[in-house]
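Here the structure is a predicted model, which is why all the values come from computation and not from measurement. Computed from heavy atoms alone, side chains included, the values below leave out hydrogens, waters and symmetry copies. Just so it is clear: chains get the letters A, B, ... in the order the sequence lines come, proteins before strands, and each one is counted from 1.
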Amino acid sequence: MFRQSYFLFVYVGIMILIASCKKDYLDKTPDEDLSIEDVFENRNYTEQYLNNIYSNLPQEQSFNENWGRNPFVCASDEMKITWTYPFAQQMNAGAWNPVNTPSDIWNVNFQGIRKANIFLENIDQTNFDQAVKTQWKGEVYFLRAFFNFFTLRVYGPIPILDHTISTDEDFSVYARKPLDECIAFIVADCDRAAELLEVKLSADLYGHATKAAALALKARCLLYAASPLWNGNSDYASVTNKDNTPLFPTSYDETKWQQAADAAKQAIDVVEGGGYAIFKDASNNPVLNYQNVFLNTWNSEILFARNEGTYDFLERLTTPTSLGGWSGYSPTQELVDAYEMANGEMPITGYKSDGTPIINPASGYVEQGYATTDGPYGTWLSGQRNMYVNRDPRFYASINYNGQKWRGAILQFFLKGADGKGKGGPDFSSSGYTMKKYSSPTVNIPQKKFVPFTWIYFRLGELYLNYAEALNEAQGPVSDVYQYVNAIRNRSGMPDLPSGLNKEDMQQRIRHERRVELAFETHRYFDAHRWKIAEQTESGAIHGMNIHEGTNLQDDIFYKRIVIDNRVFNAPKHYLWPIPQSEIDKNAFIVQNEGW
Amino acid sequence: MYKTSIEFCRHWRQFTTKLLLTMKLVIALLLCSLFQAKAVSYAQNVTIHVKNASIADVLEEIGQQTKYDVLFNNLHLKGTKPINLSLDNVPLDQALAASLANESLTYEINNSTVIVYRKERTTTGKELIQQTRIITGTVSDTTQKPIPEVTVRIKEKESQVKTDHQGRYQIIIPDGGLTLVFSAIGYRTQEITLSNRNIVNVALSEIVSNLDEVVVVGYGTQKKVTVTGAVSTVNMKSVQQASTPSLSNAIGGKLPGIITRQSSGEPGYDAAAVYIRGFGTWVTRAPLVLVDGVERDMNQINVQEIESFSVLKDASATAVYGVRGANGVILITTKHGVQGKPKVTFRAENAVLHNLRLPEYINGYEYASLVNEALKNVDLAPRYSEDDLQKFTDGSDPYLHPNVNWIDEIFKTNTSQSIHNLSVNGGNEFVRYYVNAGFTQQSGMYKEDHLNDFNSNPKVKRYNFRSNVDIDLSKSLSVSLGLGAIIQNGHYPGNSAPAIWDALQKTSPITFPVRNPDGSPGGVLAFLGSNPWAMVTQSGYERQDRSTLQGTFSSRWDLSSLVTKGLSVRGLFSFDRYAATHVIRHKDYAVKQYIGKDSNTQEDKYQVYREEQPLGYANNNYGNQALYFEGAINYDRDFDGHRLSGMFLANRREFIDLSAGTSIANIPFRRQGFAGRITYNYQEKYLLEVNAGYNGSENFPKGKRYGFFPSISAGWIVSNEAFWKSTIIDNLKLRGSYGKVGNDAVSGSRFLYLSTVNRATTGYRFGESGQNYYNGFSESQTGYNGLTWETALKANIGLDINLFHNSLTLQIDAFNESRDGILIQRQQIPNFAGYPASVIPYGNLGKVKNKGIESQLEYKHTTANGIYYSFQGTFSFAHNTIVYNDQAPPLFDYLREAGHPIDQPFGYVALGLFQNEAEIANSPKQELADKVRPGDIKYMDLNGDNVINNYDRQAIGFPRTPEIMYGFGGTIAWKGFDVSVFFTGAARSSFFLQGNVIWPFSDNLGSYNVMREYYDNRWTPENPQGTYPLLINGTSPNNYVQSSFWMRNGSYIRLKNAEIGYNLLPNLMKKWKIGSTRLFINGMNLALWDHLKVVDPESNNGTGLYPLQRSYNLGLQINF
């Protein structure tokens, strides 16, 4: 009996021990976890937080994926993408609306803005190295301006957030701000950033924002603000907030051009004073002078760019299939035809109703037949179509065409060719061209040999053209206009512009220069929109070579211009993107853009 | 206490020696019965050496050696003393005499029968034989399983015997004996009038609603009659007829309230999704599954190890699980030992598996001509010439104009599966044991390349060991130890099934040949490394070794004598450990394209795209462990018809992901709580039950962690009332319950109340080289301090009715459930606020209603001439409706998700195919594609804006998970034969045909094969009757979107399994001392009636992946 009682004690004791509900049993909070406030206590953590803000910058070299946030290259008249899934295809078909339009640009930029605001709200409460804090604050002001501008250029006026919003707020107070307020906010952030930042950083910090980046952003922003789309555009007079505040300036303000010109000139002066310069290859080969701007990472012309490390994705997307790529980035015939002849003449001045070109007899351009000699610097080979002979060197640096020698192979985009559509599968060039710009001759895809890659957001070359354009609009073709456009042309071995152009001719020359010089750099779409010419450039037939036929390089049937896309552009609707419907569903005070 | 342990030790030793002996015997018998079919001969001589043996044992041994039937009446042997014998090869007479020497017993030999009886009887043995009859026989249940301990009584006399553990009896019928009465607990008593037969085999039918039947309920068991909650159980025998390694594939339609869907047949990944009463939440919908009281995976348990399977459905049954109970609970218990001699069961099953509904694709000629047709449809020149088409047809140029049926190239017709189990069950009054060893092997369907030194066909081998030992330390104290070990070795190709399936679909019959002329895998650059045959056979292999250890120690102490009658305490501790190692030996095989013969040298020319790489090596380890404690006090006592029981329990669980990738994931998952139950019944007429759980989850902030979940239920057993006189209705019970349960499981998220920082988020590259990646920090989750679990208010009413002497039972339940506070991320925070999707805080926002009805019907009957038949049917219906999900009010009301079920598909409403340009011109403009052609799908304009775009989508059809599931079947048994069939079905489910193989050229011309279903039924201008839309040379944004056009009725009825069994030669088995040997053939997934025809109706939306299999299974079960 004694033993039984003893056992009972032990037993019950164990039971109690097992079952006793320690209240703190569930208090196991992650002891190494941090709150946002903790992050800013520590220099190292703060730096890592800053790194993450940078990651919200778009990966614009991925023209095909929504996460790259750049459908613009393929939605402009410079490119046709082969595959059907990229959103650009829906834009080109006119089959987009507030529901099916990806909201990645809106979402990720606003996420970046929130991150920046968290940073700015917390950074002053900490007490590590003031110089570092100043530098980082400048970077974050720049990043906030960048995210705002990259949203603004797509949607027009947006809600402006200079502080973080908690999840329990009344969101209805956040309506879209009038455009001029948005511009002013971005410019103010750029100015603050420029004040706090160095012009140029040491090499180990490349990629961080600089004063050069801030001033370049400001210049581009003011150029956009002065342009016809946003400067007194009557199409947008009816876009007002619920309280009847107009979102777009209703009257044209000519002084905005001068502001843009001043900003660009200031930027050029500051960055050139800081050591930036138009890049030229050591060989001074006109093709390489241009081609290597995009291959020599962190060359003297780059004001702000994103490192991608050793990068394969763009190479795979654009490399012709016989070299292991997917041939998807297919430049249009329209862009190919836009490259001048080496003598500075336009080869083609227009098209007949059947699509055949009207050739400029002064240019020396020959559409038919095949070359009998090789071109300089390996630009073309004998036996290639005459179309591709003696063109602007930037053509040879930007476009891969049928018969072109690339990475040791002769490219064959005709139906039965090594890169032709006839081999089957989803991957082929849909225009008979692939994009060569950004693509390195040393890459070898089957052997998985790739090179470091940077995507350039701002470069000095663009600033030159921004300045020239704004100045011409403000003052006409004064000497600075010639000087800066010619500097760009000369770098690539192209002759000066003819003197004595009037303002309108100069406008056309500058617009043409931008199209060629800045091809595939995400400018064409926005340029066409801000100039309000997209209803011509992004509407109707887009052409390419006849990829559906051809058995050899000199098969004439391949070199027939065919329609590869029929694009739909409704003005003014398609000039700006629709505000995502979900945003309007959530907050009825967000108004929709015109036409959507 | 001291005495108890001594005794225990003695018994233990005895028990172990006996067990060893038995095991030896079993093996010997197995060998004998399997390899020797020898004729019975009478050996006259006996060799016997025993000490302290009972006379009965000696006589049995003599009988065994001589093959004589030795008959005796146990009453006559009563009081005999154990004897010592040492006889070598002596004649039968001598042996018998020596055995009986010290007792007043004598014997008679008559032909092959020896009768032993008391000497003092006045009649001699001979007279006895003349006057009396000896009746022998076997008593079994309706499935021919022998029943031990059946009382066999001579109705007219006092005399009675009991059947042995093999169901055998022998009884001496004195003069005047006319009727035998067979009775056993749990079986209907049967009387047999003796004719002149001397062998009387009887099949007893089970009493359907035995008053003593218990069911397993939360943290205990209850008498079935007193259960007031919604609990359903299944007869494991019928589940065991399905020869499947995964239990979840065998329960659909077997129990009311369970809805299952098996979407894949890949070995090791074929488990079905299981829902109880559908689902009422977006977050974790799976029920809580407890095996022997501990959270464990039901698909790892060997079906043969299972003793009982209970499904707890309403608040009354699940409230004790508190925050874990809202999705229902499945309780599985494994078998335990029953006192008696060791019973050995050996069951071997071997099945042939055959793929069901492999997709049927078109051949090379058809594919090439379809490419030409697509080009023609957009006014482009054909790609393939007549000459090409001819070559694809006649195979004259197999390398440059291949015509490959990839399905045939990689799939075998048949494969195999085997399941073997050997179990021993028995015990004495102190120790009871059940041990089982199981071996399951399932092979995949892929072909192998015998030239490789690695095998790439999937093969899963699983070894299940289970041992449950119950020890009574004293009359009041018992301990149990349950050990389970599950070792699973899986072998897979070097590519995953989804990757192989993608390649299989992607590769057209004409893209490249299976093999080049030199035997290397065919390939082209655009499809680099996606030759399906090579992916299966040349890409190396993956080995997955998983082991699970499950240990459960429990004890129970009855404190009736120490404290008060009816009081007991019990405790349970379990430890589970899981470890898995995946060794991936992936190999990049060479990719070469054959480009024809060199025109000069006639040598084969190849373009090489990839060189062969050696087998790679990667080793991934996974592991977790779970500890669980439970302590409970139970009280159960009857006070003059007032029966009161109570249970109070405390528990705690800790789960650690040992291979967690982050420090937060590595923090143990903890839960703890209390549960209680009070039941009261008065004379089993009026039943009342209160259940409650109080438990907590670390997921929530302090103060919001612990929740109280009460429920109340009541029942009235009308048939137990004095006024109840019905002779038809034997049992009528009305039940009702109401209560609250919770669900704290938010998949993948932890500590939701904390605002946290992700310390390994996307960073950025800085520096001139661009190669330096700097890590990033970002907001990870926004904590919200008001968070708590979701709650379910559940009401249930039920009716249990037994009719016609309990041969018909019917259970009907109707339920209504309201989930509130479902943990979802807030949906109305504008994106411009800048919260990334993962950072948006959760809220207890969602509301869903779920209601339905389910019933179970069972009929069992044995006719006078011994034919047993039964019918079972179950029906489950559950329909949920979203009440609130925080969706921002959409532009058009029909886009609202609220008011529809969870997972409601939305899509366009198709009106058919456009037949001509005029029809297109007269219809609303369809903006989905830039051009609409005759043969394209025409949609309904829902908002009347004369444009078809994204706004013109509405709720169409049903969610994929069926709302109705049912099963029915029956068994007929007669004279050792039995036949069973079981059908399952589902309804109110929609299936969407979608994907690249039914949407031709959606990944561009030449990519992806085309289903014959499309090819044979496509619309062309020449075939305007076609039911599938026009194809063009690329994707068709107008046609290839989710719409009612691609929607199919997902209802089906399946002949899920059927079985024919036969009990082999009972007499011979008796001679061999084998209880029974049952041979059976069963089949699974034997027939299917549905609307889909080309895809299995249980598949995920699409065109079907790794198919389900039909199995033909031959099995043998031997009981000793």
Exercise. Given that the side chain runs from C-beta out, which part of A:Gln447 has a heavy atom under 4.5 Å from chain B: side chain, backbone, both or neither?
Worked result: neither

Problem set entry | chain B contact via A:Leu201 - which portion, at a heavy-atom distance below 4.5 Å | neither

For this session: Answer yes or no on whether A:Arg114 is positioned over the face of B:Tyr835, meaning its NZ or CZ is under 6.0 Å from the six-membered ring centre and within 45° of the axis.
Result: yes

Problem set entry | A:Ala418: partners by side chain to side chain contact (heavy atoms under 4.5 Å, CB included), with sequence neighbours left out | A:Ser322, A:Gln412

For this session: Go through the structure and list residues passing side chain to side chain contact (heavy atoms under 4.5 Å, CB included) with B:Ile656, not counting sequence neighbours.
Result: B:Gln625, B:Glu654, B:Leu658, B:Asn666, B:Pro668

Problem set entry | Heavy-atom proximity to chain B below 4.5 Å, by part of A:Leu57 | side chain

Seminar exercise, completed: Applying a strict 4.5 Å limit to non-hydrogen atoms, the region of A:Tyr174 in contact with chain B is both

Exercise. Checking B:Phe700 against chain A: side chain, backbone, both or neither under 4.5 Å from a heavy atom?
Worked result: neither

Exercise. What part of B:Phe832 gets closer than 4.5 Å to chain A, counting heavy atoms only: side chain, backbone, both or neither?
Worked result: both

Problem set entry | Contact class of B:Gln926 relative to chain A, heavy atoms under 4.5 angstrom | neither

Exercise. Where on B:Pro889 is there a heavy atom nearer than 4.5 Å to chain A: the side chain, the backbone, both, or neither?
Worked result: both

Exercise. Under a 4.5 Å heavy-atom cut-off, does chain B meet the side chain of A:Ile36, its backbone, both or neither?
Worked result: both

